[in-house]
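The structure under discussion appears below in the form of structure tokens.
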Amino acid sequence: MAVSGQDFDVIIVGAGIMGSSTAYQVAKRGHKTLLIEQFDFLHHCGSSHGESRTIRATYPEDYYYAMVMESYKLWEEAESEIGYKVYFKARHLDMGASDDKSLHGIINTCIKHSVPHEVLDPRLLAEKFSGMFNIPENCVGVSNEYGGVIKPTKAVSMFQTLALQKGAVLRDCMEVKDIRKDGVKGGIWVYTSNGEKFWGKKCVVTVGAWTRKLVKRVSGVELPIQPLETTVFYWRIKEGHEAKYRIGGDFPTFAYYGEPYIYGTPSLEFPGLLKVAVHGGYPCDQDKRPWGPGIALGSLKQWIEEKLAGQVDSAAGPVATQSCMYSMTPDEDFVIDFLGGEFGKDVVIGGGFSGHGFKMGPVVGRILADLVLGGEAKGVELKYFRMGRFEENPIGNVKNFLSLKSNLQSPIN
């Protein structure tokens with residue numbers, strides 16, 4: 001166990017998927033590593049818990065493609081090292097109106113990177129997926145083999161276990177209150193709420209929805225990262241249809257681009273139930289969350305009844321729900337950068353993953369480890385993730401397709 005005042009090569013603040021995978025990457029390279037978490041390990045207060053996350057390679061922004069493809073490889077390497085599975089393969093299906101700009105961006109990404117894919121009209125889509133989807137005549141589907149489901153809590157545990165095996169020190173229930181530059185010997189002091197402090201040559205901050213708060217406190221820099229509370233829903237598959245929705249069969253992970261943006265995964269974590277939810281939510285204070293009551297279900301229930309061919313029971317409402325948070329940037333792109341200022345390259349920030357970062361946890365960990373240890377990272381276009389982009393343009397990276405802002409909700413009173 002780490003003792004107050006102990007020295008480390010790298011201190012990582014925040015033990016969700018990004019911090020845990022970073023700790024694993026740093027420790028396996030032989031560096032003395034400390035991973036600190038403000039809550040219990042594997043808690044349900046942030047963005048890295050729950051039963052399933054989608055992994056997909058199809059993005060309108062093609063700069064994510066290489067990151068996802070590397071993540072597929074890193075997920076499997078970590079599984080091989082730990083000895084159990086957290087990633088389950090499936091096909092992936094993107095759907096939407098035939099003139100939807102996001103869908104066209106996805107097709108362009110597939111073409112640019114030579115991803116085998118099929119563009120399906122409603123009839124062909126119904127044939128390919130055995131009548132499990134029923135989309136309107138003005139819609140199309142884009143099907144490819146790069147989908148899948150990740151077990152998030154199990155995955156975070158995996159990286160923490162691997163980091164521990166590589167010699168990392170893990171401490172939970174220890175909130176970081178301040179990070180300071182040591183002006184005499186260099187390096188970084190990390191101060192916790194229980195009065196302990198630790199020195200590190202370098203520091204990585206991966207605190208999810210608390211990023212804006214902590215970064216402003218230690219540096220005065222205010223990042224435009226807004227916590228958003230969202231709810232995922234599980235619906236009962238009608239009797240007699242359960243088998244065809246199970247993971248490992250023909251049913252894919254899917255996304256439907258429109259208003260609202262809807263996504264889902266095959267039946268895995270709860271037998272007989274299907275996860276279908278809206279990619280959206282409402283702004284919240286990460287320290288004073290309402291923990292619900294959730295979003296209006298009318299449009300989601302209608303979508304399930306119409307688009308899933310009446311084989312999933314939407315009328316009765318969701319059977320189970322789970323709440324979590326997104327950390328939204330204005331452009332929905334990540335923040336991966338040096339903090340700069342007096343900290344220079346000694347503190348690296350990883351945040352603003354905007355509800356779609358979990359799948360890339362392993363590669364983000366690799367990138368953050370590269371940055372904190374070597375000052376650069378290869379294989380990723382970091383210009384899209386720089387903090388300074390918001391100084392140049394408050395909305396960040398300019399895009400010409402649907403954003404999550406159209407799915408922001410007001411809480412139900």
- Under 3.5 Å, is there a donor-acceptor pair linking the side chains of His49 and Thr153? no
- Message: Can you give me the closest heavy-atom contact between Tyr87 and Gly148, atom names plus distance?
- Response: CE1-CA, 4.2 Å
- Can Tyr234 and Thr321 be said to form a side-chain contact (heavy atoms from CB on, under 4.5 Å), step by step? CA-CA 6 Å; Tyr234 292 88; Thr321 64; over 6 Å; no
- Message: Looking at every heavy atom in both Glu37 and Ala15, which two are closest together, and how far apart are they?
- Response: OE1-N, 2.9 Å
- Task: Apply the test side-chain contact (heavy atoms from CB on, under 4.5 Å) to residues Tyr24 and Leu74: give CA-CA distance (whole Å), side-chain angles for both, the deciding distance (0.1 Å), then the verdict.
- Result: CA-CA 12 Å; Tyr24 162 66; Leu74 294 177; over 6 Å; no
- Item | Min side-chain heavy-atom separation Val205-Val176 under 4.5 Å | no
- Message: Nearest 0.5 angstrom please: Ser47 OG to Leu228 CG, how far?
- Response: 10.0 Å
- Message: Looking at every heavy atom in both Met18 and Phe358, which two are closest together, and how far apart are they?
- Response: CE-N, 4.2 Å
- Task: List for me each residue that meets side chain to side chain donor-acceptor pair (under 3.5 Å) alongside Ser52, sequence neighbours excluded, and say none if there are none.
- Result: Glu269, Lys275
- Within the distance-only criterion (no hydrogens, no angle test), does the side chain of Glu79 pair as donor or acceptor with the backbone N or O of Val86 below 3.5 angstrom? yes
- Note on the structure: All heavy atoms of Ser143 vs all of Leu120, minimum pair found to be CB-CD1, 4.0 Å
- Item | Distance, nearest 0.5 Å, that separates CD1 of Ile11 from CD1 of Ile36 | 5.5 Å
- May I have the step-by-step check of ring pair (Phe, Tyr, Trp, His ring centres under 6.0 Å) for Trp303 and Phe254, ending in yes or no? CA-CA 13 Å; Trp303 189 94; Phe254 70 85; 5.6 Å; yes
- Which atom names give the shortest non-hydrogen contact between Pro330 and Pro394, and what distance separates them? CG-O, 3.7 Å
- Item | Results of ring-ring contact (aromatic ring centres under 6.0 Å, His included) for Tyr245 - residues two or more places apart only | Phe251
- Sequence neighbours excluded, which residues qualify as side chain to side chain contact (heavy atoms under 4.5 Å, CB included) partners of Ala209? Pro227, Gln286, Met325, Ser327
- Message: Would the distance check show the side chain of Thr109 and the main-chain N or O of Tyr59 forming a donor-acceptor pair, the cut-off being under 3.5 Å?
- Response: yes
- Kindly compute the distance separating NE2 (His43) from OG (Ser48), expressed to the nearest 0.5 Å. 7.5 Å
- Task: Go through Ser21 and Val364 one step at a time and tell me if the side-chain contact (heavy atoms from CB on, under 4.5 Å) criterion holds.
- Result: CA-CA 8 Å; Ser21 60; Val364 170; 5.6 Å; no
- Does the cation-pi check pass for Lys112 over Tyr65, that is, NZ or CZ under 6.0 Å from the six-membered ring centre and within 45° of its axis? no
- Message: Do Leu274 and Leu308 have side chains that approach each other closer than 4.5 Å (heavy atoms only, starting at C-beta)?
- Response: yes
- Glu81 and Lys28 ion-paired at < 4.0 Å: no
- Which heavy-atom pair separates Cys139 from Tyr256 by the least distance, and what is that distance? SG-OH, 3.3 Å
- State, with a plain yes or no, whether a side-chain heavy atom of Val10 is found less than 4.5 Å away from one of Lys201. no
- Note on the structure: Asp337 meets the side chain to side chain donor-acceptor pair (under 3.5 Å) criterion, sequence neighbours left out, with Arg386
- Message: Applying side chain to side chain contact (heavy atoms under 4.5 Å, CB included), can you list everything that pairs with Arg236, at least two apart in sequence or on another chain?
- Response: Leu273, Val319
- Item | Electrostatic pair Arg389:Asp333 at N-O distance under 4.0 angstrom | no
- What residues, two or more places apart in sequence or in another chain, satisfy side chain to side chain contact (heavy atoms under 4.5 Å, CB included) together with His117? Ile107, Cys110, Ile111, Val119, Val142, Asn144
- Message: With a sphere of 6.0 Å drawn around NZ of Lys154, does it hold more than 12 non-hydrogen atoms of other residues, nucleotides or ligands?
- Response: yes
- Query: In Å and rounded to the nearest 0.5 Å, what is the CG to NZ distance from Leu268 to Lys151?
  - Reply: 5.0 Å
- Residues which pass side chain to side chain contact (heavy atoms under 4.5 Å, CB included) with Lys32, listed by chain and number, not counting sequence neighbours: Gln6, Phe8, Asp9
- Query: Do Asp250 and Met132 come close enough that some side-chain heavy atom pair is under 4.5 Å?
  - Reply: yes
- Does a salt bridge link Glu196 with Arg171, judged by any charged N lying under 4.0 Å from a carboxylate O? yes
- Task: Could I get the full list of side chain to side chain donor-acceptor pair (under 3.5 Å) partners for Asp182, not counting sequence neighbours?
- Result: Trp189
- Query: Would you call the rings of Phe159 and Trp75 parallel, tilted or perpendicular if under 30° counts as parallel and over 60° as perpendicular?
  - Reply: tilted
- Query: Given side chains that start at C-beta, do those of Pro224 and Met328 come closer than 4.5 Å, heavy atoms only?
  - Reply: no
With a cut-off of 3.5 Å and sequence neighbours excluded, list every side-chain donor-acceptor pair involving residues 378-385.
none

- Across all chains, not counting sequence neighbours, the side chain to side chain donor-acceptor pair (under 3.5 Å) partners of Glu342 are none
- Message: Are Leu300 and Pro260 packed together at the side-chain level, in the sense that at least one heavy-atom pair is separated by less than 4.5 angstrom?
- Response: no
- Rounding to 0.5 Å, atoms CG (Asn138) and CG (Asp99) come to a distance of 7.5 Å
- Query: Residues in salt bridge (charged side-chain N to carboxylate O under 4.0 Å, His left out) with Lys345, at least two apart?
  - Reply: none
- Task: Taking the side chain as every heavy atom from C-beta outward, state whether Leu42 and Val156 have any pair of such atoms under 4.5 Å apart.
- Result: yes
- Within the distance-only criterion (no hydrogens, no angle test), does the side chain of Asp331 pair as donor or acceptor with the backbone N or O of Asn397 below 3.5 angstrom? yes
- Item | Thr206 side chain vs Gly14 backbone, donor-acceptor pair below 3.5 Å | yes
- Option passing ring-ring contact (aromatic ring centres under 6.0 Å, His included) with Phe353 (candidates Phe334, Tyr326, Tyr64): Phe334
- Message: I'd like to know if the side chain of Ser20 and the backbone of Ile17 have a donor-acceptor N/O pair within less than 3.5 Å.
- Response: no
- Task: Could you check if a side-chain atom of Cys203 sits within less than 4.5 angstrom of a side-chain atom of Phe343, using non-hydrogen atoms only?
- Result: no
- Note on the structure: The reported gap from OG1 in Thr231 to OH in Tyr282 (rounded to nearest 0.5 angstrom) is 5.5 Å
- What pairs with Trp235 under ring-ring contact (aromatic ring centres under 6.0 Å, His included), at least two apart in sequence or on another chain? none
- Message: Looking at Asp94 and Arg56, is any side-chain nitrogen of the basic one under 4.0 Å from a carboxylate oxygen of the acidic one?
- Response: no
- Message: Evaluate Ile82 against Thr161 for side-chain contact (heavy atoms from CB on, under 4.5 Å), listing each step before the verdict.
- Response: CA-CA 8 Å; Ile82 198 70; Thr161 301; 3.7 Å; yes
